[in-house]
Amino acid sequence: MSEEKSLNFIEEIIEEDLKSGKYNSIITRFPPEPNGYLHIGHAKSICLNFGLSKKYGGYTNLRFDDTNPVTEETEYVESIKEDVKWLGFEWKNELFASDYFEQLYAFALTLIRKGLAYVDDSSAEEIAAMKGTPTEPGKDSPFRNRSIEENLQLFEEMRAGKYPDGSRVLRAKIDMASPNMHMRDPVIYRIKHAHHHRTADKWCIYPMYDFAHGQSDSIENVTHSICTLEFIPHRELYEWFINKLEIFPSRQYEFARLNLTYTVMSKRKLLQLVQEKYVESWDDPRMPTISGLRRRGYTPESIRDFCDRIGVAKRENLIDVGLLEFCVREHLNKVALRRMVVFDPLKVVITNYPETQGAEMLVGEDNPEDPASANREIPFGKELYIEREDFMENPPKKFFRLFPGGMVRLKHAYIIKCDEAIKDEAGNITELHCTYIPESKSGSDTSGINVKGTLHWVAVQNAITAEVRLYDRLFQVEDPSSEEGDFKDYINENSLQTVTTAYAEPALKNAKMNERYQFLRKGYFTLDTKDTYARLVFNRTVTLKDTWAKEQKKG
RNA sequence: UGAGCUAUGGUGUAACGGUAGCACUACAGAUUUUGGUUCUGUCUGUCUAGGUUCGAAUCCUAGUAGCUCAACCA
């Protein structure tokens, strides 16, 4: 029975560290910068970090990397916390890099005293020019050999606010000829007279990412600091600071970030979509943000399952969004309540159904996948709506739906036969006249008739109305970022289709925010969290698999 | 054109010198009161060229391709 799941490369490293006795338990961290909303790519990192500490014993900190006051806001801190919680994870400590500003300042002093850091008066342009290029070594700054005393004094004055933004920086003194650009005397502190979302105006100098991240990991005794591939060149620096400062040796490991087909993942691009109104907001249901997916109706379970299935490795990847859709369908199939909703109504009159009879109540199960699920009542009637596309006057082969002279089952109800299509003067079909087979009632069918097709329907008299929003992929091409020109040229203009008046069975009157629905033969839907006030608004999470549509496409 | 990382079906991901497996997709069929679900089956793969070895996806060498690095962003 030991169906062992193979380990990813990070799990292998951890098991090695545990086996060798290097550690008894592990500490990881999820370190977002609070300058935007989390997306599905972050979910991969969250599942990895929290999953690892859960699996191997230990814990995960949530640490906000807030070293750049001009981009960061408390609003983002709150949304990030909400998203991590919603995904189902609990952090041990809620921390901020800004909590360590005093300590980081002390680390900087240590470096200066060791002759390993200096204040540089050069401008940003001058520093860039002296940096060299990947193929040519850089040049030493004229300020590189200042005395320790002078550096100490200048750095203290920087902190004291004596100098304007951009006038000086503190740099680590490493190697201007290093083949690794990040080792060419990187800037580690800059002057920014800016208000910080947590430390307010206490500081006017702020540490750079490289001088904050590794040390923060070290302060928290993070054993395995996991980040994405683009940080590989930073690792040498990460370790340099830890070595020179002689602090806890956290180690950095890098994995490939998630890319998904038919969307973009960079914060910059997502921001453009919001600012330029291609989408409504960060939590627009078409966005790959956690909040967008949540509003779309995705479940935390399905996102975790997805992150589990895509694996963790070091090679670049582009994952088919179809896998995400598979994951959410699989979960929703188990939990969604079945309901009938007609989007584009075609009236059916059952000519042999008694006029005087009140609403006959039929019974339908909430979820056939779940034997424990309840039933709901569905009123039947003489006049019904079916989906217009479920009727064809001249049907092609293998069309199992209604056509003149044809028979179908109305789900949970009776078998009907189409006798006549009524048209207006322009030749448009306005209604269908059908007859029903009284002894074919669901659950007590003695008619002996077998039909190929089963349609969803609602009774005209008892139908309630709702708005339904049908979402499709945001882009027309698999990888918008790799296409020629602006990625926005590839936006799918039809990513949102709104059905303002859909007809729903009355059970949906009591729809709840936390419930998921399967509109029979239509897809999975959930109540919109923003726009449902007096009226019902449903968002389509994902369609059902549709082999008929595929069949038709083939011609 | 310096340095680093990476190459396994259409897409992901395993195989740790010994039968190339799993999932998604696609296709075919069975079941079905959702053209859903479920079940069964099929197709497709080790970047190239050399080498080491009884044996190479795995080790070595050389190519090739993709990605990353020259922010006072993270």
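Chain identifiers are assigned alphabetically (A, B, ...) following the order of the sequence lines, protein sequences preceding nucleic acid strands; residue numbering begins at 1 within each chain.
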Assess whether one donor atom and one acceptor atom, taken from the side chain of [X] and the base of [N], lie less than 3.5 Å apart.
{"X": "A/His234", "N": "B/A74", "value": "yes"}
{"X": "A/Arg329", "N": "B/G36", "value": "no"}
{"X": "A/Arg338", "N": "B/U34", "value": "yes"}
{"X": "A/Glu369", "N": "B/G36", "value": "yes"}
{"X": "A/Ser442", "N": "B/U33", "value": "yes"}
{"X": "A/Arg409", "N": "B/U33", "value": "yes"}

For [N] and [M], measure between their [atom1] atoms and round to the nearest Å.
{"N": "B/A14", "M": "B/C69", "atom1": "C1'", "result": "31 Å"}
{"N": "B/G4", "M": "B/A23", "atom1": "C1'", "result": "32 Å"}
{"N": "B/U42", "M": "B/U6", "atom1": "C1'", "result": "32 Å"}
{"N": "B/G63", "M": "B/A20", "atom1": "P", "result": "31 Å"}
{"N": "B/C60", "M": "B/C43", "atom1": "P", "result": "34 Å"}
{"N": "B/G17", "M": "B/G12", "atom1": "C1'", "result": "26 Å"}
{"N": "B/G21", "M": "B/A15", "atom1": "P", "result": "14 Å"}
{"N": "B/G29", "M": "B/U68", "atom1": "C1'", "result": "48 Å"}

Nearest to side-chain heavy atoms of [X], which nucleotide of [options]:
{"X": "A/Lys545", "options": "B/C24, B/A14, B/G36", "answer": "B/G36"}
{"X": "A/Asn317", "options": "B/U13, B/U6, B/A14", "answer": "B/U13"}
{"X": "A/Leu318", "options": "B/A71, B/U68, B/G12", "answer": "B/G12"}
{"X": "A/Lys398", "options": "B/G35, B/U34, B/G12", "answer": "B/G35"}
{"X": "A/Ile319", "options": "B/U34, B/G12, B/A23", "answer": "B/G12"}

Nearest whole angstrom, please: distance from the [atom2] of [N] to the [atom1] of [X].
{"X": "A/His412", "N": "B/G36", "atom1": "NE2", "atom2": "C1'", "value": "13 Å"}
{"X": "A/Lys411", "N": "B/U37", "atom1": "NZ", "atom2": "P", "value": "14 Å"}
{"X": "A/Phe231", "N": "B/C5", "atom1": "CZ", "atom2": "P", "value": "18 Å"}
{"X": "A/Phe9", "N": "B/C5", "atom1": "CZ", "atom2": "P", "value": "13 Å"}
{"X": "A/Met181", "N": "B/C5", "atom1": "CE", "atom2": "P", "value": "18 Å"}
{"X": "A/Leu237", "N": "B/A71", "atom1": "CG", "atom2": "C1'", "value": "14 Å"}
{"X": "A/Ile232", "N": "B/U68", "atom1": "CD1", "atom2": "P", "value": "12 Å"}
{"X": "A/Met183", "N": "B/A70", "atom1": "CE", "atom2": "P", "value": "15 Å"}

(request) Starting from the 5' end of RNA chain B, give me the residue, A/Ala128 or A/Ala313, whose nearest nucleotide shows up first. (result)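 Result of the comparison: A/Ala313.
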(request) Find which nucleotide of RNA chain B each of A/Gly322 and A/Pro134 is nearest to by heavy atoms, and output the residue with the more 5' nucleotide. (result)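 Of the two residues, A/Pro134 wins.
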Base, sugar-phosphate, or nothing: which does [X] touch, judged by heavy atoms less than 4.0 Å apart?
{"X": "A/Asn180", "answer": "nothing"}
{"X": "A/Pro368", "answer": "base"}
{"X": "A/Thr67", "answer": "sugar-phosphate"}
{"X": "A/Thr547", "answer": "sugar-phosphate"}
{"X": "A/Arg401", "answer": "base"}
{"X": "A/Gly443", "answer": "base"}
{"X": "A/Met340", "answer": "nothing"}

Check whether any side-chain N or O of [X] sits under 4.0 Å from OP1 or OP2 of [N], and answer yes or no.
{"X": "A/Arg315", "N": "B/A14", "result": "yes"}
{"X": "A/Lys550", "N": "B/A26", "result": "yes"}
{"X": "A/Arg339", "N": "B/U34", "result": "no"}
{"X": "A/Lys192", "N": "B/C73", "result": "yes"}

(message) Can you classify the ring geometry of A/Tyr436 versus A/Phe380 as parallel (below 30°), tilted (30 to 60°) or perpendicular (above 60°)?
(response)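 Ring orientation, 0 to 90° scale: tilted.
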(request) Measure up the A/Phe155 and A/Tyr105 rings against each other and bin them: parallel (under 30°), tilted (30 to 60°), perpendicular (over 60°). (result)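 Parallel.
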(message) With side chain to side chain contact (heavy atoms under 4.5 Å, CB included) as the test, pick out the partner of A/Ile226 among A/Arg29, A/Arg251, A/Glu254, A/Gln252.
(response) A/Arg29
(request) Please tell me if the side chains of A/Leu104 and A/Tyr189 come closer than 4.5 Å, counting only heavy atoms from C-beta onward. (result) yes
(request) For residues A/Arg159 and A/Cys204, determine if any side-chain heavy atom of one lies less than 4.5 Å from a side-chain heavy atom of the other. (result) no
(message) By a 5.5 angstrom centroid cut-off and a 30 degree plane limit, is there stacking between A/Tyr209 and B/A74?
(response) no
(request) Identify the two heavy atoms, one from A/Thr263 and one from A/Phe475, that lie closest to each other, and give their separation to 0.1 Å. (result) CA-CD1, 3.8 Å
(request) Mind listing the closest non-hydrogen atom pair of A/Pro438 and A/Tyr414 along with its distance? (result) O-CE2, 3.3 Å
(message) Under a plain distance cut-off of 3.5 Å, with no hydrogens placed, do A/Arg338 and A/His456 share a side-chain donor-acceptor pair?
(response) no
(request) Measure from NZ or CZ of A/Arg198 to the centre of the six-membered ring of A/Phe96 and say whether it is under 6.0 Å with the direction within 45° of the ring axis. (result)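 Flagged: A/Arg198 positioned over aromatic ring of A/Phe96.
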